[in-house]
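Reading through the structure tokens given below for one structure.
Order of the sequence lines fixes the chain letters, A, B, ..., with proteins taken first and strands second; residue numbering starts at 1 for each chain.
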2 protein chains.
Amino acid sequence: MAVTDIATRTYDHGWRLDPIVRSLLDTDFYKLLMLQMIRHLHPDVQATFALINRSKAIRLAEVIDERELREQLDHARTLRFGKKELIWLAGNSFYGRERMFSPDFIAWLADFRLPEYQLRIVDGQFELTFDGPWTDTSMWEVPALAIVNELRSRAVLRGKGRFALDILYARGKARLWGKVERLRQLPDLVISDFGTRRRHGFLWQRWCVEALKEGLGERFIGTSNVLLAMDNDLEAIGTNAHELPMVQAALADDDAGVAVAPYRVLEDWRAHYDGNLLIALPDAFGTAAFLRNAPDWLADWTGFRPDSAPPIAGGEQIIAWWQAHGRDPRDKLLIFSDGMDVESIEATYRHFHGRVRMSFGWGTNLTNDFRDCDPDGAHGLEPISLVAKVIRANGRPAVKLSDNPAKATGDPTEIARYLRIFGGDGRAETKVEV
Amino acid sequence: MAVTDIATRTYDHGWRLDPIVRSLLDTDFYKLLMLQMIRHLHPDVQATFALINRSKAIRLAEVIDERELREQLDHARTLRFGKKELIWLAGNSFYGRERMFSPDFIAWLADFRLPEYQLRIVDGQFELTFDGPWTDTSMWEVPALAIVNELRSRAVLRGKGRFALDILYARGKARLWGKVERLRQLPDLVISDFGTRRRHGFLWQRWCVEALKEGLGERFIGTSNVLLAMDNDLEAIGTNAHELPMVQAALADDDAGVAVAPYRVLEDWRAHYDGNLLIALPDAFGTAAFLRNAPDWLADWTGFRPDSAPPIAGGEQIIAWWQAHGRDPRDKLLIFSDGMDVESIEATYRHFHGRVRMSFGWGTNLTNDFRDCDPDGAHGLEPISLVAKVIRANGRPAVKLSDNPAKATGDPTEIARYLRIFGGDGRAETKVEV
């Protein structure tokens with residue numbers, strides 16, 4: 001007898017859509033940490049976020065149906081934090097610290113919903129922007145990216161036979177497990193999942209996280225995805241992102257204000273968080289400029305997250321800075337998170353092993369590596385370099401220089417101004433794969 | 001809401017056992033073809049079949065629980081041919097021929113059941129034998145092998161986590177699809193599934209057959225498994241096996257009778273079947289001896305299935321014989337079925353392409369290749385060389401010499417006698433992998 005649960009089948013075929021984002025916790029942990037500070041210090045700042053597809057050859061609006069995109073974005077706007085979710089945020093400890101989120105912030109989250117979006121198609125690309133209070137628009141970054149990426153996967157896979165899908169996922173699983181077996185050879189590895197925004201799909205990310213938990217044991221310290229952290233009793237991982245110095249700099253009244261913006265942000269951060277959260281992101285306007293003018297107290301922080309320089313060169317630069325400030329790098333932490341994959345993790349690990357503490361944030365190449373897995377030999381599942389960046393704050397343009405000019409964002413005139421302020425030394429163009 | 005079909009779950013956990021063989025059609029097609037002839041010509045011959053584990057290092061009785069083995073064998077004895085199955089056997093055409101099986105034979109099948117078995121454990125191995133009319137005991141060969149092989153898989157996999165199983169099967173699928181993609185490069189390939197007896201499990205064989213159907217298209221001509229052929233609208237593939245000349249020779253009253261037994265069998269076969277079924281198995285007592293004394297009319301047959309000589313050498317030997325008999329090998333068919341895998345299929349195909357028609361029967365390395373797939377790195381899933389052979393007919397010992405002495409079966413004194421009758425030329429020991 002073929003067993004079918006008729007009630008379930010009937011329920012399933014009545015779905016209007018298969019939601020991609022089903023919880024507001026399905027986002028990166030650092031968004032919540034930043035949000036608490038933004039709400040405290042900048043409750044009235046208006047910030048605009050925009051989707052930016054750096055893989056211009058992929059004409060997303062020709063792959064993804066606009067109506068489907070709107071349906072998914074609309075569905076995400078219906079979400080509220082659930083009672084269980086808020087209780088967990090309030091009651092769980094993060095990085096060993098109790099009550100990371102204040103009761104006042106938790107109460108505010110209870111009423112949170114994602115703000116409106118603006119969507120139009122320009123030259124085959126989606127122009128997707130979010131206008132409004134920084135506290136609201138910031139929260140669109142991760143779900144918007146996850147939605148666009150998963151809609152692209154779905155579009156590519158639509159119409160494939162059950163068998164082709166079976167092979168595709170079998171290969172994806174075999175591929176990831178091969179990576180797990182290589183990473184297992186690194187005894188002191190510390191690694192976490194940073195793959196929410198670029199994931200192939202939610203269910204696949206969940207499988208990947210379960211795979212790392214199963215295969216890497218203690219080496220796998222957690223996930224940036226708050227929902228997956230909660231559901232799997234894993235640590236939620238993350239600190240802060242480029243939007244903090246970008247907005248701070250955009251809000252500055254003059255060049256001097258722009259120049260000190262990155263440090264001002266870190267002072268604010270230190271006032272809000274401590275312990276393992278004292279991780280600085282050095283590359284918003286170029287790491288060389290950042291380190292040259294960095295205050296000595298920053299050398300007391302736990303570490304840095306170099307996010308656009310090549311990992312070994314970027315790490316050496318920071319180690320040299322610690323040494324110049326009389327600190328022992330072996331007490332310090334470097335978090336590598338820019339397009340890492342097994343090869344670069346192995347090379348970076350071996351290069352720095354014993355000289356500095358390391359942690360790896362593994363993103364796109366963890367949760368979206370189906371390269372050459374399609375049994376039909378078709379393409380379209382290669383991950384693309386899609387970001388959602390703050391582009392304006394209180395009407396003023398926001399800029400990111402990055403160590404890699406290919407990752408810079410902002411108006412060219414403003415970029416030129418920022419380059420005059422910070423200098424461009426040490427920046428080097430590298431192809432952005434993911 | 002987690003959806004569970006409670007009725008199904010409740011039904012499932014009430015199972016006394018999970019049956020390995022659920023239909024008498026879950027056997028090789030050649031058993032039915034041979035059975036029809038045996039029943040016609042030798043209804044009173046008593047034949048004993050025995051399980052022979054050529055992989056002696058694997059102490060099967062220490063891996064498989066005797067009680068579970070008995071339960072599965074007992075369950076197989078409860079099976080009858082179903083009404084739908086008999087209608088299909090009667091109504092389907094095989095090799096383009098209608099009514100391959102006579103109404104009388106179909107009626108006899110309706111009452112068929114597998115006979116009793118004798119099981120004991122000797123030195124860590126199962127001594128499993130089947131005594132009775134040849135018409136009954138012959139039918140144990142395939143289900144007995146499938147049961148022992150799947151029980152071994154189950155024993156190795158018992159206690160593995162859900163995740164390890166997920167990786168294991170993902171790797172198995174990726175492995176097989178890689179083979180499919182290689183075989184697809186051979187434009188004139190003709191291949192079928194011969195993997196029932198050595199399969200990892202029934203569900204896995206079914207998946208493999210579906211994979212070949214999906215991936216190889218017209219190159220995949222069918223399966224030896226009658227049940228899978230029926231369920232998937234595939235051709236049932238197969239002709240005859242060593243048991244025919246082995247019993248015929250065992251029944252002979254003197255050496256002269258033994259010497260002509262292989263040809264006598266083929267005359268009987270020709271009287272029963274024709275067309276594509278005119279395939280001779282040359283190696284029961286050594287191919288060189290067989291060809292040396294073979295009658296000229298055999299050169300009019302469709303082809304040969306060399307089953308123990310190395311494929312290229314064995315094929316050349318037969319081509320030379322056809323040429324010596326003035327036949328054009330390009331009109332003839334060679335079926336290669338001895339432990340084939342992608343490498344040997346490719347090599348054989350390339351070697352003979354354009355010189356002879358070829359067909360490949362792909363067995364163990366199709367349906368049971370999980371080498372190095374276990375994420376725990378454990379062993380135990382490597383296929384073993386397990387056969388079930390006729391060992392006695394009407395109380396007289398049966399012998400197989402084979403082209404490969406490692407595959408010979410029978411009492412040493414009798415083997416010596418057969419070697420005197422047939423000569424041992426051309427036989428060469430090769431390691432039996434599967």
In this structure, is the centre-to-centre distance between the rings of A/F29 and A/F94 below 6.0 Å?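 That pair passes the under 6.0 Å test.
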
Please check if the distance between the ring centroids of A/F81 and A/W88 is under 6.0 Å. no

Looking only at the side chains, is there a donor atom on one of [X] and [Y] sitting less than 3.5 Å from an acceptor on the other?
X	Y	value
B/D374	B/H379	no
B/N225	B/D193	no
A/R154	A/N149	no

Suppose a student defines contact as a heavy atom less than 4.5 Å from any heavy atom of chain A. Which residues in residues 164-176 of chain B would they list? B/D166, B/I167, B/A170, B/R171, B/K173, B/A174

Interface residues of residues 195-211 of chain B facing chain A - heavy atom cut-off under 4.5 Å: B/W207, B/E210, B/A211

Stepwise side-chain contact (heavy atoms from CB on, under 4.5 Å) test for B/L151 and B/Q72: CA-CA 9 Å; B/L151 282 179; B/Q72 292 289 345; 4.1 Å; yes

Does a salt bridge link A/E68 with A/R158, judged by any charged N lying under 4.0 Å from a carboxylate O? yes

Could you tell me whether B/K179 and B/E343 have a side-chain N and a carboxylate O separated by less than 4.0 Å? no

Rounded at 0.5 Å granularity, tell me how far OG1 in B/T223 sits from CD1 in B/I191. 11.5 Å

